[in-house]
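One structure is given here, and the rest of the page talks about it.
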Amino acid sequence: MSRTAIDDGRPADAVTGHWVDRFAPRPWRPYLRLARIDRPIGWWLLLLPCWWSAALAAIAAEQPFPDPWHCLLFLIGAVAMRGAGSTYNDIADRDLDAQVERTRLRPLPSGQVRPRHAALFLLVQALIGLAVLVQFNEEAILIGLCSLVPVAIYPFMKRVMPLPQAILGLAFAWGALMGWAAVFARLDPPALLLYAGALCWVIGYDTIYAVQDIEDDEIAGIRSSARLFGRRVKGAVGLCYALAAILILLAAKGAGAGLVGYLGVAAFAAHLAWQVVALRERDGRGALTLFRSNRDAGLILFVGLAADALLHGLF
């Protein structure tokens with residue numbers, strides 16, 4: 001870790017040169033880091049299943065594009081709820097984070113933010129998320145509220161179960177239900193298949209993320225899929241990604257996607273395959289790069305589905 005990062009209170013895995021570090025007032029920085037504003041990959045990964053679902057719903061409804069208002073609401077909600085979830089997770093994990101090299105400089109374990117102040121910050125972000133949620137129909141609101149269950153229990157699962165990434169997946173894949181429910185006010189098989197595929201995707205990429213912390217997690221007694229799979233981690237990630245691609249392909253087929261949609265799924269699957277080939281056991285720096293590349297993988301799929309909706313809607 002660099003001396004500059006230590007002096008400025010930046011966590012070891014912070015993005016270098018982010019605007020939070022360059023332009024934000026110094027008293028704000030710990031709170032922006034608590035919400036992970038300096039690491040946008042988190043809200044991207046929360047947002048993308050929402051956009052996939054909106055695009056899939058547009059295909060099924062024969063609309064030329066995903067609802068722009070819904071997509072904007074999903075963006076705002078993803079940033080707010082990613083921040084709220086990260087704040088909640090850090091409050092629950094502050095003692096464990098102090099034992100892990102990558103996380104010990106986070107705002108709570110390093111003492112930059114007090115727990116009660118973090119709790120107030122969590123409330124503000126949750127209220128923003130609620131304000132976004134109530135813009136949707138009643139069915140989507142109810143489905144969205146149900147997502148709080150896996151969010152609430154996830155921080156404690158790494159203490160008791162060997163695959164806590166599955167609980168994280170339940171939460172991060174939830175958007176795959178929301179886009180469809182926002183259009184049809186119900187859940188149909190394509191949305192459920194998309195959710196299952198997104199769940200497998202999350203388990204896969206978060207296993208890659210967990211490769212960074214294997215050694216520290218072993219010392220601290222933190223459970224993770226990377227520790228569970230051990231030397232079989234590449235095969236396990238490959239299996240998760242293969243299931244994700246198959247399930248999303250079935251979702252696209254069920255929604256009535258055409259050739260362009262299938263090409264989008266194929267390009268998405270190719271990106272996931274590249275990640276598996278490039279993954280190296282206990283290569284933390286490389287694992288972080290591969291993890292972050294999932295934003296590009298998700299955008300590839302979204303563009304493919306949205307382009308398919310456009311062709312269906314216009315022709």
Side-chain angles (χ1 to χ4, degrees), residues 31 33-37 39-53 73-97 103 106-108 113 115 118-136 139-161 163-182 187 191-192 194-207 209-210 222-225 291 294 298:
Y31 292 94
R33 291 174 186 147
L34 196 61
R36 306 293 196 273
I37 298 300
R39 280 176 284 176
I41 183 61
W43 60 256
W44 270 114
L45 295 177
L46 190 62
L47 170 66
L48 285 164
C50 300
W51 281 4
W52 296 349
S53 187
L73 288 173
F74 289 140
L75 172 59
I76 298 169
V79 175
M81 294 312 296
R82 161 62 173 168
S86 296
T87 303
Y88 172 71
N89 187 77
D90 282 6
I91 292 172
D93 279 357
R94 59 188 184 277
D95 294 332
L96 290 177
D97 284 344
T103 58
R106 284 180 176 174
L108 280 165
V113 175
L120 289 173
F121 185 52
L122 165 61
L123 178 60
V124 170
Q125 294 173 94
L127 289 174
I128 294 172
L130 179 61
V132 169
L133 183 61
V134 297
Q135 305 304 311
F136 294 103
E139 291 77 9
I141 292 172
L142 179 60
I143 292 168
L145 290 174
C146 290
S147 70
L148 296 178
V149 175
V151 170
I153 65 175
Y154 167 68
F156 308 101
M157 293 299 101
K158 66 185 70 175
R159 297 164 170 82
V160 298
M161 68 178 292
L163 193 63
Q165 278 73 20
I167 306 302
L168 180 72
L170 292 175
F172 261 69
W174 208 269
L177 304 175
M178 293 296 296
W180 189 277
L187 292 178
L192 298 175
L194 184 67
Y195 178 65
L199 170 61
C200 293
W201 180 55
V202 176
I203 295 174
Y205 71 58
D206 204 58
T207 298
Y209 187 77
I222 300 172
R223 299 172 185 267
S224 75
S225 53
F291 165 75
N294 277 281

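All figures in this text were calculated on a predicted structure; none of them were measured in a lab.
- Within the 3.5 Å criterion, the main-chain N or O of T87 finds no donor-acceptor partner in the side chain of D90.
- Of all the heavy atoms in L122 and A84, the pair that sits closest is CD1-O, 3.2 Å.
- When all heavy atoms of V134 and I141 are compared, the closest pair comes out as CA-CD1, 3.7 Å.
- At a threshold of 4.5 Å between non-hydrogen side-chain atoms, the residues D93 and L108 do not count as touching.
- The backbone N or O of L170 lies less than 3.5 Å from a partner atom in the side chain of Y195, making a donor-acceptor pair.
- The CE atom of M178 sits 5.5 Å away from atom CG of L133, with the distance rounded to the nearest 0.5 Å.
- Shortest non-hydrogen contact noted between F121 and Y31 is CE2-O, 3.2 Å.
- Between atom CZ of residue R82 and atom CD1 of residue I41 there is a gap of 9.0 Å, rounded to the nearest 0.5 Å.
- Looking at residues two or more places apart in sequence or on another chain, you find no side-chain hydrogen bond (donor to acceptor under 3.5 Å, both in side chains) involving S147.
- Ring orientation note: the planes of W52 and W201 are tilted relative to one another, at an angle of 30° to 60°.
- Of the inter-residue distances, the one linking I203 atom CD1 with L163 atom CG reads 5.5 Å to the nearest 0.5 angstrom.
- At least one donor-acceptor pair closer than 3.5 Å links the side chain of R36 to the backbone N or O of L34.
- When all heavy atoms are compared, the tightest approach of F156 to A152 is CE1-O, 3.6 Å.
- Not a single ring-ring contact (aromatic ring centres under 6.0 Å, His included) links W43 to another residue, sequence neighbours left out.
- Proximity of a side-chain donor or acceptor of S53 to a complementary backbone N or O of P49 within less than 3.5 Å is not detected.
- Taken to the nearest 0.5 Å, the CD1 atom of I76 stands 9.5 Å off from the CD1 atom of I128.
- Interatomic distance, L130 CG to Q135 CD, rounded to the nearest 0.5 Å: 10.0 Å.
- Atom CG of L120 is separated from atom CD of Q125 by 11.5 Å, given to the nearest 0.5 angstrom.
- The shortest heavy-atom contact between A210 and Q165 is CB-NE2, 3.9 Å.
- Shortest non-hydrogen contact noted between Y205 and N294 is CB-ND2, 3.3 Å.
- In terms of modelled atom types and a separation under 3.5 Å, the side chain of R94 and the main chain of I91 share a donor-acceptor contact.
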Step by step, would you call I143 with W174 a side-chain contact (heavy atoms from CB on, under 4.5 Å)?
CA-CA 9 Å; I143 292 168; W174 208 269; 3.4 Å; yes
